[in-house]
Amino acid sequence: MIRNTRLERPERFAKPHVIPREKLLAAAKAACDKLKARVERDGADFPSTCSTQYKYTVGPGVPGLGPNRNWESGMYTGCFWLAYELTGDEFFKKVALDMHLPTYVERFENMRGLDDHDVGFVYVPGCVSTYKLTGNELAKETALKVFDYYYNKSYSKEGKFIIRSHKSWRKGQIYGYRTMMDSLMNAPFLFWASEVTGNEEYKRSALDHVKTTADYLIRCDGSSYHHYQFDPVTSEPLHGVTLQGKSDESCWSRGHSWGVYGFPIAYSYSQEPFIKEVHRHVVNFMLNHLPDDNIPYWDFDYVSGDQPRDSSVACICACGLHEMCKYLSDDEPEKAIYECAGAKMLEAVIDNCTGDIGTRYDGLICHVTHAKPQGQGVDECAVYGDYFYLEALLRYLKPDWKKYW
Ligand code: GLY
(Lines give C-alpha, C1' and ligand atoms only; values in the text may rest on other atoms or scores of the structure.)
Protein backbone atom coordinates (compact mmCIF):
# COMPACT_ATOMS: atom_id res chain seq x y z
CA MET A 1 0.00 0.00 0.00
CA ILE A 2 1.27 3.47 -0.89
CA ARG A 3 0.93 5.80 2.05
CA ASN A 4 1.49 9.46 1.64
CA THR A 5 1.28 11.61 4.76
CA ARG A 6 3.03 14.68 5.99
CA LEU A 7 2.90 16.65 9.18
CA GLU A 8 0.70 19.63 8.37
CA ARG A 9 1.92 22.12 10.98
CA PRO A 10 5.47 21.13 11.88
CA GLU A 11 6.07 24.58 13.45
CA ARG A 12 3.63 23.59 16.20
CA PHE A 13 6.13 21.01 17.48
CA ALA A 14 9.35 22.69 16.38
CA LYS A 15 10.54 24.17 19.66
CA PRO A 16 11.76 21.85 22.44
CA HIS A 17 9.12 21.46 25.13
CA VAL A 18 10.28 20.34 28.56
CA ILE A 19 7.91 19.63 31.44
CA PRO A 20 9.60 21.04 34.57
CA ARG A 21 10.86 18.19 36.75
CA GLU A 22 9.17 19.64 39.83
CA LYS A 23 5.86 19.54 37.99
CA LEU A 24 6.33 15.88 37.03
CA LEU A 25 7.34 15.01 40.60
CA ALA A 26 4.32 16.81 42.04
CA ALA A 27 1.99 15.09 39.55
CA ALA A 28 3.47 11.67 40.35
CA LYS A 29 3.19 12.29 44.10
CA ALA A 30 -0.44 13.41 43.83
CA ALA A 31 -1.35 10.36 41.72
CA CYS A 32 0.45 7.83 43.95
CA ASP A 33 -0.97 9.38 47.12
CA LYS A 34 -4.41 9.10 45.61
CA LEU A 35 -3.93 5.48 44.58
CA LYS A 36 -2.76 4.58 48.08
CA ALA A 37 -5.62 6.42 49.76
CA ARG A 38 -8.14 4.65 47.54
CA VAL A 39 -6.76 1.21 48.43
CA GLU A 40 -6.75 2.12 52.11
CA ARG A 41 -10.38 3.16 51.75
CA ASP A 42 -11.77 0.53 49.33
CA GLY A 43 -9.26 -2.34 49.40
CA ALA A 44 -7.21 -3.57 46.45
CA ASP A 45 -9.94 -5.53 44.65
CA PHE A 46 -10.09 -4.97 40.91
CA PRO A 47 -12.39 -2.07 40.07
CA SER A 48 -14.88 -1.71 37.26
CA THR A 49 -13.54 -0.88 33.78
CA CYS A 50 -14.56 2.73 34.05
CA SER A 51 -16.16 4.97 36.58
CA THR A 52 -19.80 6.00 36.88
CA GLN A 53 -20.07 9.65 37.79
CA TYR A 54 -16.35 9.50 38.47
CA LYS A 55 -16.60 6.66 41.00
CA TYR A 56 -15.19 3.20 40.44
CA THR A 57 -17.26 0.31 41.68
CA VAL A 58 -15.21 -2.04 43.79
CA GLY A 59 -15.38 -4.68 46.37
CA PRO A 60 -16.81 -8.00 47.34
CA GLY A 61 -20.56 -8.24 47.19
CA VAL A 62 -20.71 -6.40 43.87
CA PRO A 63 -21.66 -9.08 41.33
CA GLY A 64 -19.02 -9.55 38.67
CA LEU A 65 -16.61 -7.12 40.27
CA GLY A 66 -13.78 -7.65 42.68
CA PRO A 67 -12.00 -10.60 41.09
CA ASN A 68 -9.34 -10.39 38.41
CA ARG A 69 -11.54 -10.87 35.37
CA ASN A 70 -11.35 -8.30 32.59
CA TRP A 71 -8.72 -6.76 30.30
CA GLU A 72 -8.10 -3.81 32.59
CA SER A 73 -7.08 -6.03 35.51
CA GLY A 74 -3.49 -6.14 34.26
CA MET A 75 -3.36 -2.39 34.11
CA TYR A 76 -4.65 -2.10 37.65
CA THR A 77 -1.82 -4.26 38.96
CA GLY A 78 0.52 -2.39 36.63
CA CYS A 79 -0.46 0.85 38.40
CA PHE A 80 0.97 -0.53 41.64
CA TRP A 81 4.25 -1.50 40.03
CA LEU A 82 4.55 1.91 38.39
CA ALA A 83 3.71 3.61 41.70
CA TYR A 84 6.35 1.44 43.39
CA GLU A 85 8.94 2.47 40.81
CA LEU A 86 7.93 6.13 41.16
CA THR A 87 8.02 6.23 44.97
CA GLY A 88 9.93 3.19 46.29
CA ASP A 89 7.03 2.77 48.75
CA GLU A 90 6.80 -0.94 49.75
CA PHE A 91 3.02 -0.54 50.16
CA PHE A 92 2.60 -0.67 46.37
CA LYS A 93 4.89 -3.67 45.98
CA LYS A 94 2.90 -5.58 48.63
CA VAL A 95 -0.34 -4.98 46.74
CA ALA A 96 1.11 -6.13 43.41
CA LEU A 97 3.06 -9.09 44.74
CA ASP A 98 1.23 -10.37 47.81
CA MET A 99 -2.35 -9.43 47.00
CA HIS A 100 -2.54 -9.45 43.20
CA LEU A 101 -0.13 -12.17 42.04
CA PRO A 102 -2.30 -14.98 43.53
CA THR A 103 -5.25 -13.63 41.53
CA TYR A 104 -3.37 -14.20 38.25
CA VAL A 105 -2.73 -17.81 39.28
CA GLU A 106 -6.37 -18.23 40.32
CA ARG A 107 -7.63 -16.63 37.09
CA PHE A 108 -5.69 -19.20 35.10
CA GLU A 109 -6.85 -22.10 37.27
CA ASN A 110 -10.46 -21.04 36.76
CA MET A 111 -9.92 -20.05 33.12
CA ARG A 112 -11.71 -16.78 33.75
CA GLY A 113 -11.73 -14.36 30.83
CA LEU A 114 -8.91 -16.11 28.95
CA ASP A 115 -10.83 -16.74 25.72
CA ASP A 116 -10.06 -13.22 24.66
CA HIS A 117 -7.68 -11.27 22.43
CA ASP A 118 -6.78 -8.95 25.31
CA VAL A 119 -5.10 -11.56 27.50
CA GLY A 120 -1.75 -9.92 26.65
CA PHE A 121 -3.11 -6.68 28.07
CA VAL A 122 -3.86 -8.58 31.27
CA TYR A 123 -0.80 -10.72 31.80
CA VAL A 124 1.96 -8.42 30.49
CA PRO A 125 1.57 -5.39 32.81
CA GLY A 126 -0.04 -7.55 35.54
CA CYS A 127 2.18 -10.64 35.76
CA VAL A 128 5.16 -10.43 33.36
CA SER A 129 5.89 -7.09 35.09
CA THR A 130 6.07 -8.94 38.42
CA TYR A 131 8.59 -11.39 36.97
CA LYS A 132 10.64 -8.64 35.33
CA LEU A 133 10.82 -6.52 38.50
CA THR A 134 11.29 -9.24 41.12
CA GLY A 135 12.38 -12.41 39.28
CA ASN A 136 9.39 -14.19 40.87
CA GLU A 137 9.23 -17.67 39.30
CA LEU A 138 5.53 -18.19 40.03
CA ALA A 139 4.76 -15.04 38.00
CA LYS A 140 6.90 -16.32 35.13
CA GLU A 141 5.45 -19.84 35.16
CA THR A 142 1.88 -18.56 35.38
CA ALA A 143 2.40 -16.11 32.53
CA LEU A 144 3.92 -18.88 30.38
CA LYS A 145 1.04 -21.29 31.07
CA VAL A 146 -1.47 -18.62 30.14
CA PHE A 147 0.59 -17.75 27.08
CA ASP A 148 0.51 -21.35 25.89
CA TYR A 149 -3.29 -21.41 26.08
CA TYR A 150 -3.62 -17.96 24.52
CA TYR A 151 -1.26 -18.61 21.63
CA ASN A 152 -2.91 -21.88 20.68
CA LYS A 153 -6.41 -20.45 20.81
CA SER A 154 -6.06 -16.82 19.77
CA TYR A 155 -3.35 -16.79 17.14
CA SER A 156 -4.44 -17.70 13.60
CA LYS A 157 -1.53 -19.18 11.66
CA GLU A 158 -3.62 -19.07 8.48
CA GLY A 159 -4.59 -15.43 8.87
CA LYS A 160 -1.28 -14.39 10.52
CA PHE A 161 -3.03 -12.35 13.20
CA ILE A 162 -4.34 -12.43 16.75
CA ILE A 163 -8.05 -13.21 16.48
CA ARG A 164 -10.52 -10.90 18.10
CA SER A 165 -12.04 -12.72 21.04
CA HIS A 166 -11.69 -16.31 19.86
CA LYS A 167 -14.75 -17.25 21.92
CA SER A 168 -16.91 -15.35 19.44
CA TRP A 169 -15.38 -17.12 16.45
CA ARG A 170 -16.22 -20.61 15.23
CA LYS A 171 -14.72 -21.99 12.06
CA GLY A 172 -16.99 -21.12 9.14
CA GLN A 173 -18.69 -18.26 10.95
CA ILE A 174 -17.74 -14.83 9.80
CA TYR A 175 -18.23 -12.80 12.95
CA GLY A 176 -15.15 -12.66 15.09
CA TYR A 177 -12.59 -13.73 12.49
CA ARG A 178 -11.07 -10.32 12.73
CA THR A 179 -8.09 -8.63 14.14
CA MET A 180 -7.94 -5.22 15.74
CA MET A 181 -5.67 -2.29 16.61
CA ASP A 182 -5.86 -3.16 20.31
CA SER A 183 -3.92 -6.37 19.64
CA LEU A 184 -0.78 -4.42 18.82
CA MET A 185 -0.62 -4.28 22.62
CA ASN A 186 -1.18 -8.05 22.89
CA ALA A 187 1.70 -8.81 20.54
CA PRO A 188 4.28 -8.02 23.29
CA PHE A 189 3.09 -11.19 25.06
CA LEU A 190 4.32 -13.17 22.03
CA PHE A 191 7.61 -11.25 21.87
CA TRP A 192 8.20 -11.80 25.59
CA ALA A 193 7.38 -15.53 25.43
CA SER A 194 9.81 -15.89 22.54
CA GLU A 195 12.56 -14.23 24.55
CA VAL A 196 12.12 -16.33 27.68
CA THR A 197 11.50 -19.69 25.97
CA GLY A 198 13.87 -19.21 23.02
CA ASN A 199 11.05 -20.29 20.68
CA GLU A 200 11.51 -18.17 17.55
CA GLU A 201 8.08 -19.11 16.19
CA TYR A 202 6.38 -16.80 18.71
CA LYS A 203 8.47 -13.86 17.55
CA ARG A 204 7.75 -14.63 13.89
CA SER A 205 4.03 -14.81 14.68
CA ALA A 206 4.16 -11.52 16.58
CA LEU A 207 5.86 -9.87 13.62
CA ASP A 208 3.36 -11.41 11.20
CA HIS A 209 0.55 -10.00 13.33
CA VAL A 210 2.17 -6.54 13.29
CA LYS A 211 2.61 -6.77 9.50
CA THR A 212 -1.03 -7.82 9.01
CA THR A 213 -2.12 -4.84 11.12
CA ALA A 214 0.10 -2.48 9.13
CA ASP A 215 -1.13 -3.87 5.80
CA TYR A 216 -4.88 -3.89 6.46
CA LEU A 217 -5.78 -1.67 9.39
CA ILE A 218 -3.66 1.37 8.57
CA ARG A 219 -5.21 3.31 5.71
CA CYS A 220 -3.39 5.33 3.00
CA ASP A 221 -3.78 8.56 4.99
CA GLY A 222 -2.22 7.02 8.12
CA SER A 223 -5.56 6.67 9.94
CA SER A 224 -6.79 3.29 11.17
CA TYR A 225 -9.74 0.98 11.18
CA HIS A 226 -10.51 -0.42 14.61
CA HIS A 227 -11.04 -3.97 13.28
CA TYR A 228 -10.43 -5.76 10.01
CA GLN A 229 -12.65 -8.63 8.92
CA PHE A 230 -11.18 -11.67 7.16
CA ASP A 231 -12.90 -14.57 5.43
CA PRO A 232 -12.97 -17.39 7.98
CA VAL A 233 -12.50 -20.10 5.35
CA THR A 234 -9.87 -18.59 3.05
CA SER A 235 -8.43 -15.86 5.34
CA GLU A 236 -8.87 -13.38 2.47
CA PRO A 237 -9.07 -9.76 3.70
CA LEU A 238 -12.65 -8.44 3.45
CA HIS A 239 -13.26 -5.00 4.98
CA GLY A 240 -12.57 -2.66 7.87
CA VAL A 241 -14.90 -1.98 10.81
CA THR A 242 -14.68 0.74 13.48
CA LEU A 243 -16.71 -0.58 16.40
CA GLN A 244 -15.88 1.97 19.09
CA GLY A 245 -15.47 4.95 16.74
CA LYS A 246 -17.88 7.33 15.06
CA SER A 247 -18.27 5.29 11.85
CA ASP A 248 -16.51 2.49 10.00
CA GLU A 249 -14.50 5.05 8.01
CA SER A 250 -13.59 7.29 10.95
CA CYS A 251 -10.56 6.79 13.19
CA TRP A 252 -11.31 5.81 16.78
CA SER A 253 -8.75 7.67 18.86
CA ARG A 254 -7.85 5.04 21.42
CA GLY A 255 -7.65 2.32 18.80
CA HIS A 256 -5.25 4.56 16.87
CA SER A 257 -3.20 5.26 19.99
CA TRP A 258 -2.53 1.52 20.31
CA GLY A 259 -0.71 1.96 16.99
CA VAL A 260 1.21 5.00 18.23
CA TYR A 261 2.51 2.85 21.10
CA GLY A 262 2.25 -0.72 19.77
CA PHE A 263 4.40 -0.22 16.67
CA PRO A 264 7.40 1.15 18.65
CA ILE A 265 7.17 -1.79 21.07
CA ALA A 266 7.29 -4.18 18.11
CA TYR A 267 10.23 -2.21 16.74
CA SER A 268 12.07 -2.56 20.05
CA TYR A 269 11.97 -6.37 19.67
CA SER A 270 12.67 -6.57 15.95
CA GLN A 271 14.20 -3.41 14.42
CA GLU A 272 12.12 -4.09 11.29
CA PRO A 273 12.26 -0.98 9.04
CA PHE A 274 8.62 -1.33 7.89
CA ILE A 275 7.48 -0.69 11.46
CA LYS A 276 9.25 2.67 11.70
CA GLU A 277 7.81 3.64 8.34
CA VAL A 278 4.17 2.79 9.14
CA HIS A 279 4.53 4.39 12.56
CA ARG A 280 5.55 7.69 10.94
CA HIS A 281 2.26 7.76 9.00
CA VAL A 282 0.22 6.77 12.07
CA VAL A 283 1.82 9.59 14.08
CA ASN A 284 1.43 12.16 11.29
CA PHE A 285 -2.29 11.41 11.19
CA MET A 286 -2.59 11.65 14.97
CA LEU A 287 -0.69 14.96 15.18
CA ASN A 288 -2.64 16.44 12.25
CA HIS A 289 -5.85 15.68 14.18
CA LEU A 290 -4.66 16.75 17.61
CA PRO A 291 -6.72 19.68 18.94
CA ASP A 292 -4.81 22.84 19.83
CA ASP A 293 -5.02 22.04 23.55
CA ASN A 294 -3.29 18.67 22.90
CA ILE A 295 -6.02 16.39 24.33
CA PRO A 296 -7.61 14.23 21.61
CA TYR A 297 -11.32 13.90 21.16
CA TRP A 298 -12.73 10.37 21.42
CA ASP A 299 -12.63 10.07 17.60
CA PHE A 300 -10.07 11.79 15.39
CA ASP A 301 -12.87 12.98 13.07
CA TYR A 302 -13.29 15.71 15.69
CA VAL A 303 -10.62 18.39 16.00
CA SER A 304 -12.66 21.11 17.73
CA GLY A 305 -16.03 21.56 19.42
CA ASP A 306 -17.59 20.08 22.53
CA GLN A 307 -17.45 16.34 21.86
CA PRO A 308 -16.00 14.33 24.76
CA ARG A 309 -12.24 13.91 25.01
CA ASP A 310 -10.20 10.82 25.72
CA SER A 311 -7.27 11.83 27.91
CA SER A 312 -6.07 8.21 28.03
CA VAL A 313 -5.18 8.64 24.33
CA ALA A 314 -2.87 11.54 25.20
CA CYS A 315 -1.09 9.37 27.80
CA ILE A 316 -0.81 6.32 25.52
CA CYS A 317 0.55 8.50 22.68
CA ALA A 318 3.04 10.19 25.03
CA CYS A 319 4.35 6.71 25.96
CA GLY A 320 4.52 5.65 22.30
CA LEU A 321 6.32 8.78 21.12
CA HIS A 322 8.75 8.46 24.02
CA GLU A 323 9.43 4.83 23.12
CA MET A 324 10.00 5.56 19.41
CA CYS A 325 12.45 8.38 20.22
CA LYS A 326 14.83 5.70 21.57
CA TYR A 327 15.19 4.32 18.03
CA LEU A 328 15.50 7.63 16.18
CA SER A 329 18.84 9.35 15.69
CA ASP A 330 19.25 13.06 16.38
CA ASP A 331 19.39 13.81 12.67
CA GLU A 332 16.01 12.20 11.96
CA PRO A 333 13.56 15.16 12.00
CA GLU A 334 10.82 13.09 13.67
CA LYS A 335 12.80 12.82 16.88
CA ALA A 336 12.55 16.47 17.96
CA ILE A 337 8.89 16.55 16.88
CA TYR A 338 7.98 13.45 18.88
CA GLU A 339 9.83 14.71 21.95
CA CYS A 340 7.96 17.98 21.80
CA ALA A 341 4.54 16.48 21.01
CA GLY A 342 4.76 13.77 23.70
CA ALA A 343 5.72 16.30 26.37
CA LYS A 344 2.92 18.65 25.32
CA MET A 345 0.34 15.88 25.47
CA LEU A 346 1.41 14.67 28.89
CA GLU A 347 1.57 18.21 30.26
CA ALA A 348 -1.91 18.92 28.91
CA VAL A 349 -3.22 15.93 30.90
CA ILE A 350 -1.44 17.07 34.06
CA ASP A 351 -2.89 20.58 33.63
CA ASN A 352 -6.43 19.74 32.51
CA CYS A 353 -7.35 16.24 33.64
CA THR A 354 -6.17 16.03 37.23
CA GLY A 355 -8.15 18.85 38.81
CA ASP A 356 -9.65 18.08 42.23
CA ILE A 357 -7.47 15.02 42.20
CA GLY A 358 -7.84 14.28 45.86
CA THR A 359 -11.60 14.51 46.08
CA ARG A 360 -13.87 14.53 43.12
CA TYR A 361 -12.49 11.74 40.90
CA ASP A 362 -11.77 8.13 41.80
CA GLY A 363 -9.40 7.82 38.86
CA LEU A 364 -5.98 9.38 38.62
CA ILE A 365 -7.12 11.29 35.53
CA CYS A 366 -10.55 12.34 34.27
CA HIS A 367 -11.94 13.04 30.77
CA VAL A 368 -11.45 9.47 29.57
CA THR A 369 -14.04 8.12 27.12
CA HIS A 370 -14.32 4.37 27.13
CA ALA A 371 -16.85 3.49 24.40
CA LYS A 372 -19.02 6.38 23.23
CA PRO A 373 -21.24 4.55 20.68
CA GLN A 374 -21.99 1.93 23.34
CA GLY A 375 -22.67 4.67 25.92
CA GLN A 376 -20.03 3.35 28.30
CA GLY A 377 -17.78 5.57 30.36
CA VAL A 378 -18.22 8.82 28.45
CA ASP A 379 -16.07 11.59 30.00
CA GLU A 380 -15.24 9.43 33.00
CA CYS A 381 -12.20 7.76 34.57
CA ALA A 382 -10.84 4.36 33.50
CA VAL A 383 -8.20 2.06 34.92
CA TYR A 384 -6.17 2.01 31.70
CA GLY A 385 -6.14 5.83 31.73
CA ASP A 386 -4.66 5.68 35.22
CA TYR A 387 -2.07 3.12 34.12
CA PHE A 388 -0.82 5.02 31.06
CA TYR A 389 -0.77 8.30 32.98
CA LEU A 390 1.55 6.75 35.58
CA GLU A 391 3.64 5.07 32.88
CA ALA A 392 4.03 8.37 31.02
CA LEU A 393 5.05 10.17 34.23
CA LEU A 394 7.58 7.44 35.00
CA ARG A 395 9.00 7.58 31.47
CA TYR A 396 9.49 11.34 31.65
CA LEU A 397 10.99 11.16 35.14
CA LYS A 398 13.22 8.13 34.44
CA PRO A 399 13.99 8.02 30.71
CA ASP A 400 15.92 4.74 31.09
CA TRP A 401 12.89 2.98 32.64
CA LYS A 402 12.60 -0.62 31.41
CA LYS A 403 9.16 -1.23 29.96
CA TYR A 404 6.89 -4.08 31.10
CA TRP A 405 5.61 -4.57 27.52
N1 GLY B 1 -9.30 -3.39 24.46
C2 GLY B 1 -8.61 -2.19 24.55
C3 GLY B 1 -9.47 -0.98 24.43
O4 GLY B 1 -10.68 -1.05 24.56
O5 GLY B 1 -8.94 0.08 24.20
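Given the structure is predicted, the values throughout are model-derived calculations rather than measurements. Heavy atoms only: backbone and side chains are in, while hydrogens, waters and symmetry mates are out. Both counts, for ligands and for their atoms, begin at 1 and track the order of listing. Note that the numbering runs from 1 along the sequence shown for the chain.
- Counting heavy atoms from C-beta outward, N186 and V119 have side chains that stay 4.5 Å or more apart.
- Contacts of F147 classified as ring-ring contact (aromatic ring centres under 6.0 Å, His included), with partners at least two apart in sequence or in another chain: Y151, F189, Y202.
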Can you give me a line-by-line list of nitrogen or oxygen pairs between ligand 1 and the protein shorter than 3.5 Å?
residue	atom	partner	partner atom	Å
ligand 1	1 (N)	D118	OD2	2.7
ligand 1	1 (N)	D182	OD2	2.9
ligand 1	4 (O)	R254	NH2	3.2
ligand 1	5 (O)	R254	NE	2.8
ligand 1	5 (O)	R254	NH2	3.3
ligand 1	5 (O)	W258	NE1	3.0

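- In this structure S257 satisfies the side-chain hydrogen bond (donor to acceptor under 3.5 Å, both in side chains) test with no other residue, sequence neighbours excluded.
- In this pair, H100 and F80 present their aromatic rings perpendicular. The plane angle is above 60°, beyond the 30 to 60° band.
- Under the side-chain contact (heavy atoms from CB on, under 4.5 Å) test applied with R12, the options L290, L7, I337 reduce to a single match, L290.
- Pairs engaging residues 135-148 under the side chain to side chain donor-acceptor pair (under 3.5 Å) rule: none recorded [sequence neighbours left out].
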